[in-house]
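Taking it in order: structure first as structure tokens, then the write-up.
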Amino acid sequence: GSEFTIRVSFLELYNEELQDLLVTSNPSSSSSASNKNTQKQLKLCYDDQKGVVCQNLEEITVLNAKDIFDILQRGIQQRQTAATLCNKNSSRSHSIFTLKIMIKECNVDGEEVVRHGQLNLVDLAGSECVGRSGAKNDRAREAGSINQSLLTLGRVITALVDHHGHIPYRDSKLTR
């Protein structure tokens, strides 16, 4: 007797820039820079009702588990990866796969009730020692960005656990 709606989105944080992993890249363009120009710019904003939201992030309605896995696989294919001395297919970004579930049902009094839930699955890139991984130029900059956002995440967690008055969540897009 319940009605369900499930929507998914897949967000990548690469060098402190947000990218939508569900927007299909233009097959005629070989560089991610030209793909980035054709995408709508993603922006983090604060909404009084929802908290922090990502504007222009594609949300796709799914009908079954197979749809979810197909979309997840499609997004994984678009993630930023590169070879390092430590890993031949090292992820160079953090990603967040979100499932939003809305259930509409009637309660015992016959009133219609709508419930919302959200599950965020986060894949963090691992911290990286530039010297050990052999990262140079772009790879070294990526490692610095990864390490900086992970350091900020650590500071946020510490501030929450220690009940500090100030939580530095705005210091990185990852923690925001």
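Positions are given from 1, in the same order as the sequence printed here.
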**Message:** Salt bridge check, Asp70 against Arg74: does any charged N sit closer than 4.0 Å to a carboxylate O?
**Reply:** no

**Prompt:** If you look at every heavy atom in Arg176 and Leu44, which pair is closest and at what distance?
**Reply:** CG-CD1, 3.7 Å

**Request:** Test His94 against Leu150 for side-chain contact (heavy atoms from CB on, under 4.5 Å), laying out the working first.
**Result:** CA-CA 10 Å; His94 308 297; Leu150 291 173; 3.8 Å; yes

**Message:** Pair Leu99, Ile68 - check side-chain contact (heavy atoms from CB on, under 4.5 Å), show working.
**Reply:** CA-CA 9 Å; Leu99 288 120; Ile68 294 171; 3.7 Å; yes

**Prompt:** With a 3.5 Å cut-off and no angle check, do the side chains of Glu12 and Ser93 form a donor-acceptor pair?
**Reply:** yes

**Asked** Within the side chain of Asn64, is there an N or O that forms a donor-acceptor pair under 3.5 Å with the backbone of Lys66?
**Response** yes

**Request:** Pick out which of Leu13, Leu153, Ile146 makes a side-chain contact (heavy atoms from CB on, under 4.5 Å) with Leu124.
**Result:** Leu153

**Request:** Is it possible for you to say whether Ile101 and Val113 belong to one hydrophobic cluster, with membership spreading through side-chain heavy-atom contacts below 4.5 Å?
**Result:** no

**Message:** As a test of understanding, state which of Leu72, Ile71, Thr98 forms a side-chain contact (heavy atoms from CB on, under 4.5 Å) with Phe10.
**Reply:** Leu72

**Message:** Hydrophobic cluster membership, with links at side-chain heavy-atom distances under 4.5 Å among I/L/V/M/F/W/Y: are Ile103 and Leu63 in one?
**Reply:** no

**Item:** Pairwise side-chain contact, Cys54 with Leu18, heavy-atom cut-off 4.5 Å (strictly under)
**Value:** yes

**Request:** Please check if Leu151 and Ile167 belong to a single hydrophobic cluster, counting links between Ile, Leu, Val, Met, Phe, Trp and Tyr side chain heavy atoms closer than 4.5 Å.
**Result:** no

**Message:** Side chains of Ser9 and Glu58, heavy atoms from C-beta outward: is any pair under 4.5 Å?
**Reply:** no

**Request:** With rounding to the nearest 0.5 Å, note down the distance linking CG in Leu57 to CG in Leu22.
**Result:** 7.5 Å

**Tyr14 to Gln19 - nearest heavy-atom pair and separation** = CD2-NE2, 3.9 Å

**Message:** Show the nearest heavy-atom pair for residues Glu105 and Ser2, with the distance to one decimal.
**Reply:** OE1-OG, 3.0 Å

**Request:** Decide whether Gln118 and Asn120 meet the rule of one side-chain donor and one side-chain acceptor closer than 3.5 Å.
**Result:** yes

**Request:** Begin from the C-alpha positions of Val114 and Met102 and carry the test side-chain contact (heavy atoms from CB on, under 4.5 Å) through to its verdict.
**Result:** CA-CA 7 Å; Val114 178; Met102 184 185 77; 3.6 Å; yes

**Fill in**
So SG of Cys106 and CD of Glu111: to nearest 0.5 Å the spacing works out to 9.5 Å

**Asked** Is there a path of hydrophobic side-chain contacts, each under 4.5 Å between heavy atoms of I, L, V, M, F, W or Y residues, that connects Leu121 with Ile6?
**Response** yes

**Request:** Begin with the C-alpha distance, continue with both residues' side-chain angles, and end with the deciding distance and a verdict on side-chain contact (heavy atoms from CB on, under 4.5 Å) for His116 and Lys100.
**Result:** CA-CA 7 Å; His116 298 268; Lys100 292 182 179 178; over 6 Å; no

**Prompt:** Do Ser172 and Glu16 have side chains that get closer than 4.5 Å, going by heavy atoms?
**Reply:** yes

**Request:** Supply the atom-to-atom distance Lys173 NZ to Asn15 CG, rounded to the nearest 0.5 angstrom.
**Result:** 10.5 Å

**Request:** Working to the nearest 0.5 Å, report the span between CZ of Phe97 and CD1 of Ile76.
**Result:** 8.5 Å

**Request:** Indicate if Leu119 and Val53 have the same hydrophobic cluster label, given that clusters are the connected sets of ILVMFWY residues with side-chain heavy-atom separations under 4.5 angstrom.
**Result:** no

**Prompt:** Just by modelled atom types, is the His164 backbone N or O under 3.5 Å from a matching donor or acceptor in the Asp162 side chain?
**Reply:** no

**Complete:** Closest non-hydrogen atoms of Asn56 and Asp20, given as atom of the first, atom of the second and distance, are O-OD2, 4.0 Å

**Prompt:** Rounded to the nearest 0.5 Å, what separation is found between the CD1 atom of Ile96 and the CG atom of Leu174?
**Reply:** 6.5 Å

**Prompt:** When you look at CZ of Arg170, are more than 12 heavy atoms from neighbouring residues, nucleotides or ligands closer to it than 6.0 Å?
**Reply:** no

**Prompt:** Looking at OG of Ser95 and CD of Gln78, how far apart are the two atoms once the value is rounded to the nearest 0.5 Å?
**Reply:** 12.0 Å

